[in-house]
Amino acid sequence: MSLEIVSFKNEYANTFYELNKEWLQTFFYVEPFDEEVLSNPKKYIINKGGHIFFAKFENELVGTVALMPLTTDGLFELTKMAVSTNHRGKKIGQQLLAYCIDYAKSTMELPKLLLYSNTKLENAIYLYRKFGFIEIPVEPNSPYVRSNIKMELVF
């Protein structure tokens with residue numbers, strides 16, 4: 001399988017929205033914070049120094065993930081990871097995650113990454129742990145209603 005990881009372009013904004021919306025509606029629902037960020041990826045991610053990556057397979061964007069800056073201490077959240085329904089089970093999420101971790105560590109020289117998830121997503125939690133993320137307490141004012149687990153990866 002020939003998979004290429006590419007960076008955000010303006011013309012990919014709608015694909016970023018659609019991939020994430022499909023994923024959220026499959027497992028949860030689209031929260032107001034999701035809608036705001038997904039509808040304005042340049043404003044909330046790119047223009048603040050963040051990055052959005054896409055998995056491109058046979059000239060089609062089939063997955064996405066973002067490194068979104070948090071307001072504190074120059075930390076970044078690994079977020080908005082989604083793979084299209086027809087391409088799940090092909091380790092695309094794993095490749096996106098590996099790419100993101102390497103980019104955050106090597107290119108951005110970040111000290112760590114944070115993520116929010118839900119324990120209902122057993123495969124995702126397993127994958128995060130496999131890559132070295134450990135569970136830390138979720139703060140009371142978490143940006144996501146659905147998140148019941150917060151994890152970090154210290155480099």
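Keep in mind it's a predicted model, so treat the numbers as computed, not measured. These numbers come from the heavy atoms of this one structure, side chains and all, not from hydrogens, waters or symmetry mates.
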field: Sole candidate of Asn20, Ile92, Thr15 that passes side chain to side chain contact (heavy atoms under 4.5 Å, CB included) when paired with Thr64
entry: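 When Asn20, Ile92, Thr15 are each tested with Thr64, the side chain to side chain contact (heavy atoms under 4.5 Å, CB included) holds only for Asn20.
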- prompt: Could you walk me through whether Val6 and Leu61 pass the side-chain contact (heavy atoms from CB on, under 4.5 Å) check?
  reply: CA-CA 9 Å; Val6 297; Leu61 299 175; 4.1 Å; yes
Which heavy atom in [X] sits nearest to a heavy atom in [Y], and how many Å separate them?
| X | Y | answer |
| --- | --- | --- |
| Tyr29 | Arg146 | O-NH1, 4.0 Å |
| Gly49 | Pro69 | C-CG, 4.3 Å |
| Phe76 | Gly50 | CE2-CA, 3.9 Å |
| Val37 | Ile45 | CG1-CD1, 3.9 Å |
| Ser2 | Phe57 | O-CD1, 3.4 Å |

Check for me, please, whether [X] and [Y] land in the same ILVMFWY cluster - side-chain distances under 4.5 Å, paths through other members count.
| X | Y | result |
| --- | --- | --- |
| Val30 | Tyr44 | yes |
| Leu3 | Phe54 | no |
| Val62 | Ile5 | yes |
| Phe53 | Leu110 | yes |
| Val83 | Val65 | yes |

Could you give the side-chain donor-acceptor pairs of residues 96-108 under 3.5 Å, partners two or more places apart or in another chain?
unit_1	atom_1	unit_2	atom_2	d
Asp102	OD1	Ser106	OG	3.2
Ser106	OG	Asp102	O	3.3

Crowding at [atom1], [X] (>12 non-hydrogen neighbours, <6.0 Å):
| X | atom1 | value |
| --- | --- | --- |
| Lys9 | NZ | no |
| Glu122 | CD | no |
| Asn86 | CG | yes |

task: List in chain and number order the residues that pass ring-ring contact (aromatic ring centres under 6.0 Å, His included) with Tyr116, two or more places apart in sequence or in another chain; answer none if no residue qualifies.
output: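 With neighbours one apart ignored, the set is Tyr144.
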task: Applying ring-ring contact (aromatic ring centres under 6.0 Å, His included), name anything that partners Phe155, two or more places apart in sequence or on another chain.
output: none
message: In terms of relative ring orientation, are Trp23 and Phe28 parallel, tilted or perpendicular, with 30° and 60° separating the classes?
response: tilted
query: Is there a donor-acceptor pair closer than 3.5 Å between any side-chain N or O of Lys21 and the backbone N or O of Leu38?
result: no
field: Glu31 side-chain N/O to Val145 backbone N/O, donor-acceptor pair under 3.5 Å
entry: yes
Look up atom [atom1] in [X] and atom [atom2] in [Y], then write down how far apart they are to the nearest 0.5 Å.
| X | Y | atom1 | atom2 | result |
| --- | --- | --- | --- | --- |
| Thr79 | Leu113 | OG1 | CG | 11.5 Å |
| Met68 | Leu114 | CE | CG | 11.0 Å |
| Asp34 | Lys80 | CG | NZ | 4.0 Å |

message: Taking side-chain hydrogen bond (donor to acceptor under 3.5 Å, both in side chains) as the definition, give me every residue that meets it alongside Glu60, ordered by chain and number, with sequence neighbours left out.
response: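 Per chain and number, Glu60 pairs via side-chain hydrogen bond (donor to acceptor under 3.5 Å, both in side chains) with no residue.
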message: Could you check whether Ser84 and Glu22, counting side-chain N and O atoms only, form a donor-acceptor pair closer than 3.5 Å?
response: no
- request: Could you please spell out the steps behind the side-chain contact (heavy atoms from CB on, under 4.5 Å) verdict for Leu115 and Met81?
  value: CA-CA 10 Å; Leu115 65 81; Met81 187 159 73; over 6 Å; no
- request: Evaluate the criterion side-chain contact (heavy atoms from CB on, under 4.5 Å) for residue pair Asn148 and Val138; output intermediate values, then yes/no.
  value: CA-CA 7 Å; Asn148 67 359; Val138 179; 6.0 Å; no
message: Contact between Leu67 and Leu78 at the side-chain level, heavy atoms closer than 4.5 Å - yes or no?
response: yes
In residues 124-135, what donor-acceptor pairs under 3.5 Å come from side-chain atoms, sequence neighbours left out?
unit_1	atom_1	unit_2	atom_2	d
Arg129	NH2	Glu135	OE1	3.4

query: Can you pull the salt bridge (Lys or Arg N to Asp or Glu O under 4.0 Å) pairs that have at least one residue in residues 35-55, sequence neighbours excluded?
result: none
